Each structure stands twice: as C-alpha cells, then as structure tokens.
Number of protein chains: 2
Amino acid sequence: MGMGRPREFDAETALDQAMEVFWRHGYEGATIAQLTEAMGINPPSLYACFGNKEGLLKAALDRYTKLRNIWMDEVVAAPTARAVAERMLMGIADKQTDPANPPGCLLVQGGIACGTGSENVPFELAARRAQNEDQLRDRFVRAKAEGDLKESADPAALARYVSAVSVGMGVMASSGADREALRQVARVAVQAVEAQSSDRPQ
Amino acid sequence: MGMGRPREFDAETALDQAMEVFWRHGYEGATIAQLTEAMGINPPSLYACFGNKEGLLKAALDRYTKLRNIWMDEVVAAPTARAVAERMLMGIADKQTDPANPPGCLLVQGGIACGTGSENVPFELAARRAQNEDQLRDRFVRAKAEGDLKESADPAALARYVSAVSVGMGVMASSGADREALRQVARVAVQAVEAQSSDRPQ
DNA sequence: CCAGATATGTAGTGTTCACTACAGATGTGG
DNA sequence: CCACATCTGTAGTGAACACTACATATCTGG
C-alpha cells in the first residue's frame with residue numbers, strides 16, 4: 001500500500017496566509033474563496049488538510065499562539081513586575097502596529113461576537129487570551145513572593161488588568177491608532193503596576 | 001393627499017430589540033431573520049423604516065450612544081480626574097455585566113473586523129468610541145488647568161488610556177468575566193490616573 | 001365615499017456562502 | 001507495470017443570506 005500523492009503546498013506557509021485573512025476580516029468575515037486564494041490552493045486541499053473553516057482557524061491560532069508564547073517567555077523574564085508590564089505593553093504597541101501584519105491582534109480581530117453556528121469561536125479566542133493572562137499572573141505571584149510587589153498587591157487582578165489593556169490596545173490599533181498613540185497608552189498603564197510595586201530597591 | 005397607513009410598531013422599541021441582537025451576535029453575525037423576529041416585524045417594514053441592515057445598525061448605534069452620552073455627562077461631572085476615571089471604569093464594570101443587556105459593549109461587540117462589503121462598520125463603531133474619548137480628554141484638559149492633574153500629565157494620553165481600558169473590559173465581559181473581575185481591573189486602572197494626579201488636596 | 005399615500009404579510013428573488021463529488025494526476029509498495 | 005492511496009482542479013451542491021414585488025390593508029384629505 002503506497003503513501004499517495006504528496007501535498008504540493010507547505011502547510012505552515014499556507015497557514016500564515018490564512019492567519020492574515022482571519023486577522024484582517026475576522027472569522028465570519030473571511031470567506032473560503034479569500035482564504036484559498038491567499039493560501040494558493042483550492043478548496044478540496046483546504047478541507048483535506050484542515051477539516052473545515054473552524055479547523056483552519058484553530059490551526060492558524062495554534063501557529064499564532066506558538067509564536068506569541070515564545071515572545072511571552074521573554075516578557076516574563078524581565079526582572080520586575082513593572083519591567084514585565086512595560087516590556088509587554090510597549091512590545092504590544094509595536095507588534096500591533098507592525099506593517100508586516102494586519103493591525104491589532106488575531107486573538108481579538110478573529111471574532112469577539114459571532115453568529116449562530118460559530119458561537120464557540122469567541123470562546124476559542126478567549127481561552128487563548130486566558131493562557132497569557134495565566135502566565136502573567138504566575139509571574140506576578142512570584143514578584144509578590146520576591147517582595148517586588150507590595151503585600152497589598154493582587155497578582156491575579158494585575159494580570160487581568162495588563163491583559164485587558166492589551167486587548168484594548170488591539171482594538172485601538174485595528175481602528176487606526178498609530179504606534180505612538182499605543183505607546184502613550186502603554187506608558188500610562190505601566191504606572192498602575194508601578195503603584196503596586198514595592199518601594200525598596202530592585 | 002392622505003398620510004397613508006400608520007406604522008403599527010414603535011420604532012424605538014423595535015430598535016431596542018435590534019440593538020440587543022447586534023450586541024449579542026455582532027453586525028455580520030446578526031441575520032435579518034433574527035432581527036425581524038426580535039423586533040416583531042416583517043422584512044418590508046424593516047427596510048421601509050431603516051433602509052437596509054447597515055441603516056438599522058446606525059439607528060441602533062444612535063440610540064445606544066444617546067443613552068450612553070447621558071451617562072457620560074454624569075461621569076465627567078465628577079470633581080477630579082481620578083474620580084472621573086473611577087466613576088467611569090467602575091460604572092462600566094457594572095454596565096457591562098448587567099444581566100438586562102448582553103455582556104460587553106455594543107460599540108465593541110458590534111464588529112471589530114468585518115468582511116468585504118461591511119468594511120465601514122468598524123469605522124462607524126470606532127468613530128463613536130472616539131466621541132467618548134474626546135469628552136474624556138476635554139475633561140482631563142480642564143483637570144490639568146485646575147491643577148488637579150500634574151504639570152507632566154498628558155490629558156490626551158490619559159483619555160486614550162481610560163478608553164482603551166474600557167474597551168478591554170468590554171471584551172473580557174463578553175467572554176465571560178464576572179462583575180468582580182471587571183471591578184478589579186477598574187480599581188487597578190484608576191491607580192495610573194492617580195499617579196498623574198497632583199498631590200495637593202482636592 | 002373616494003383618491004392618494006403609506007404600511008403590512010406572503011412569498012419569493014438572485015447571490016453568496018461553506019462544503020463536496022468526481023475524474024485525473026502523482027506518489028509508494030510489490 | 002500494477003494495485004492502492006492520497007492529492008489536485010473543475011465544477012458544482014443545497015442552504016442561508018440580504019433584500020424586494022406585489023397584493024392587500026389602513027389611514028388622511030376632500
């Protein structure tokens with residue numbers, strides 16, 4: 001029994017193109033015709049490889065979060081809670097206005113509200129945003145244990161806060177805010193984390 | 001020349017129902033069938049009264065922002081920049097988790113990314129969000145003039161920041177965050193405004 | 001009571017959507 | 001070279017979509 005005809009396209013390259021379409025138009029706004037054209041393949045190839053439209057989205061999200069997690073590891077490696085927040089929010093300001101990508105964040109642009117039949121797309125995105133929040137929370141728990149955050153600080157609340165600001169910046173970016181506007185937001189936002197930081201050095 | 005048969009439904013009541021459908025499913029996710037059923041009318045009545053689906057959305061947005069502006073006037077009436085931010089963000093935490101409405105904010109849920117043919121829906125929402133940001137900025141300009149905000153404070157940046165946090169909270173609410181989670185975010189967020197506030201009393 | 005005007009309900013219209021049947025192409029194992 | 005398995009391109013499929021034609025109903029002004 002042979003292995004069959006080999007696939008003529010590279011799945012990861014095709015996913016990058018699909019990611020861009022979902023990013024720009026959202027899950028429901030992206031059509032199979034747009035996706036297949038961007039991916040350089042025909043519908044049967046798409047369905048053979050990814051199952052259906054939602055399967056394609058999940059694969060694109062997997063790829064997106066994989067790259068993003070590498071960056072988040074660098075973010076939480078910053079020495080203090082304040083530095084973590086600053087590195088994250090300033091980095092997001094840059095990433096969300098990177099001309100190489102559509103503006104904003106796929107985990108927001110993908111779909112906040114969806115119609116009947118796509119109800120779990122927003123859940124899927126929210127679950128992936130929650131992963132980043134959890135990672136931030138763990139980092140802030142450590143910061144508190146290290147005396148970097150005040151005794152009165154709530155690491156979970158801080159993580160939720162930074163996550164919320166990130167999302168808000170993503171929406172702003174997608175509606176035309178430029179890099180400097182997002183950086184302004186980031187700089188202000190960091191001050192709330194600073195307010196929860198211990199006064200003693202380091 | 002007579003006036004013709006009078007309309008049998010109340011336009012504002014119908015708009016409230018349409019608003020809820022757009023709020024829950026987004027512009028593209030909401031179907032004419034869902035809208036007409038919720039409004040208790042048939043398609044020809046909808047088109048005669050609102051033109052088309054986008055006209056209906058704009059009418060719903062007008063009604064939404066009209067109610068919201070009344071509340072925003074109360075918000076900016078707070079005595080200090082810090083109090084304005086607190087009243088706004090804590091109020092948003094409550095409003096966005098009010099069981100009488102769908103979670104989140106119509107100006108976000110309505111549609112952040114849209115497909116071909118609905119490209120200006122996100123712009124329409126962004127323009128209305130910008131109105132609130134402008135109102136906040138004006139208030140913060142005044143706060144700085146009154147010495148309530150530090151000389152180093154940037155009113156426009158602060159307004160953008162509060163607006164971004166509001167949007168982020170809306171997305172969180174729509175993906176299941178409860179009222180207390182949003183209040184936590186609001187309380188942290190206010191501290192950044194506090195950090196820009198003058199130390200002298202009042 | 002009639003003419004003009006506008007609203008309503010029924011029942012569609014054409015278009016676009018996600019998805020697929022099928023035939024031919026291209027590989028592997030024997 | 002052949003049986004088998006998988007991919008590819010063409011050309012659709014039924015369903016759902018936004019929107020509307022049309023006959024009828026209900027009002028005003030004269």
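These numbers come from a predicted model, not from an experiment. Proteins come first, then strands; the chains are lettered A, B, ... in the order of their sequence lines, and each starts at number 1.
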Please tabulate, one pair per line, all N/O donor-acceptor pairs under 3.5 Å involving side-chain atoms of residues 166-178 of chain B, not counting sequence neighbours.
{"from": "B:S166", "atom 1": "OG", "to": "B:V162", "atom 2": "O", "distance (Å)": "2.8"}
{"from": "B:S174", "atom 1": "OG", "to": "B:Q109", "atom 2": "OE1", "distance (Å)": "3.1"}
{"from": "B:S174", "atom 1": "OG", "to": "B:V171", "atom 2": "O", "distance (Å)": "2.9"}
{"from": "B:S175", "atom 1": "OG", "to": "A:R129", "atom 2": "NH2", "distance (Å)": "3.4"}
{"from": "B:S175", "atom 1": "OG", "to": "B:V171", "atom 2": "O", "distance (Å)": "3.1"}
{"from": "B:S175", "atom 1": "OG", "to": "B:M172", "atom 2": "O", "distance (Å)": "3.2"}
{"from": "B:D178", "atom 1": "OD1", "to": "B:E180", "atom 2": "N", "distance (Å)": "3.4"}
{"from": "B:D178", "atom 1": "OD1", "to": "B:A181", "atom 2": "N", "distance (Å)": "2.9"}

TODO: Measure the distance from CZ on B:F9 to C1' on C:dT6 and round it to the nearest whole Å.
DONE: 12 Å

Open item on the list: Per the salt bridge (charged side-chain N to carboxylate O under 4.0 Å, His left out) rule, what does the pair list look like for residues 151-167 of chain B, sequence neighbours excluded?
Closed with: none

TODO: Sort and list the pairs that fulfil side chain to side chain donor-acceptor pair (under 3.5 Å) and have at least one residue in residues 115-125 of chain B, not counting sequence neighbours.
DONE: A:Q34-B:T116, B:E54-B:N120, B:E124-B:R128

Considering only distance and modelled atom types, tabulate donor-acceptor pairs under 3.5 Å from the side chains of residues 36-50 of chain A, sequence neighbours left out.
{"from": "A:T36", "atom 1": "OG1", "to": "A:I32", "atom 2": "O", "distance (Å)": "2.9"}
{"from": "A:T36", "atom 1": "OG1", "to": "A:A33", "atom 2": "O", "distance (Å)": "3.0"}

- [ ] Assign the ring pair A:Y161 / B:Y161 to parallel, tilted or perpendicular, where the plane angle (0 to 90°) is split at 30° and 60°.
- [x] perpendicular

- [ ] Go through the structure and list residues passing salt bridge (Lys or Arg N to Asp or Glu O under 4.0 Å) with B:E12, not counting sequence neighbours.
- [x] B:R63

Task: Sequence-distant partners of A:D138, salt bridge (Lys or Arg N to Asp or Glu O under 4.0 Å), two or more places apart - done: none

Task: Any residue of residues 24-44 of chain A with a heavy atom less than 4.0 Å from an atom of DNA chain C - done: A:A30, A:T31, A:I32, A:P43, A:P44

TODO: Measure the distance from CG on B:L46 to P on C:dG9 and round it to the nearest whole Å.
DONE: 13 Å

TODO: Note the angle between the end axes of the helix from C:dC1-D:dG30 to C:dG30-D:dC1, five pairs defining each, rounded to 10 degrees.
DONE: 10°

TODO: Could you pull out all residues at least two apart from B:R5 that satisfy salt bridge (Lys or Arg N to Asp or Glu O under 4.0 Å)?
DONE: B:E8

TODO: Could you check how far CZ of B:R5 sits from P of C:dT6, rounded to whole Å?
DONE: 14 Å

Task: Rounded distance in Å - CE (B:M3) to C1' (C:dT6) - done: 9 Å

- [ ] Figure out the CD/P separation between A:E8 and D:dG9, and round it to whole Å.
- [x] 6 Å

Open item on the list: So B:Q191 and A:Q191, do their side chains get closer than 4.5 Å, heavy atoms only?
Closed with: no

TODO: Report the residues that fulfil salt bridge (Lys or Arg N to Asp or Glu O under 4.0 Å) with A:D98, sequence neighbours left out, ordered by chain and then residue number.
DONE: none

TODO: Write out all pairs satisfying ring-ring contact (aromatic ring centres under 6.0 Å, His included) with one or both partners inside residues 58-117 of chain A, taking only residues at least two apart or from two chains.
DONE: A:W23-A:Y64

Task: Residues in contact with DNA chain C, drawn from residues 48-60 of chain B - heavy-atom cutoff 4.0 Å - done: none

Task: Shortest side-chain distance from B:Y47, nucleotide among C:dC19, D:dC19, C:dT8 - done: D:dC19

TODO: Compare side-chain N and O positions of A:S45 against OP1 and OP2 of D:dC7 and report whether any pair is under 4.0 Å apart.
DONE: no

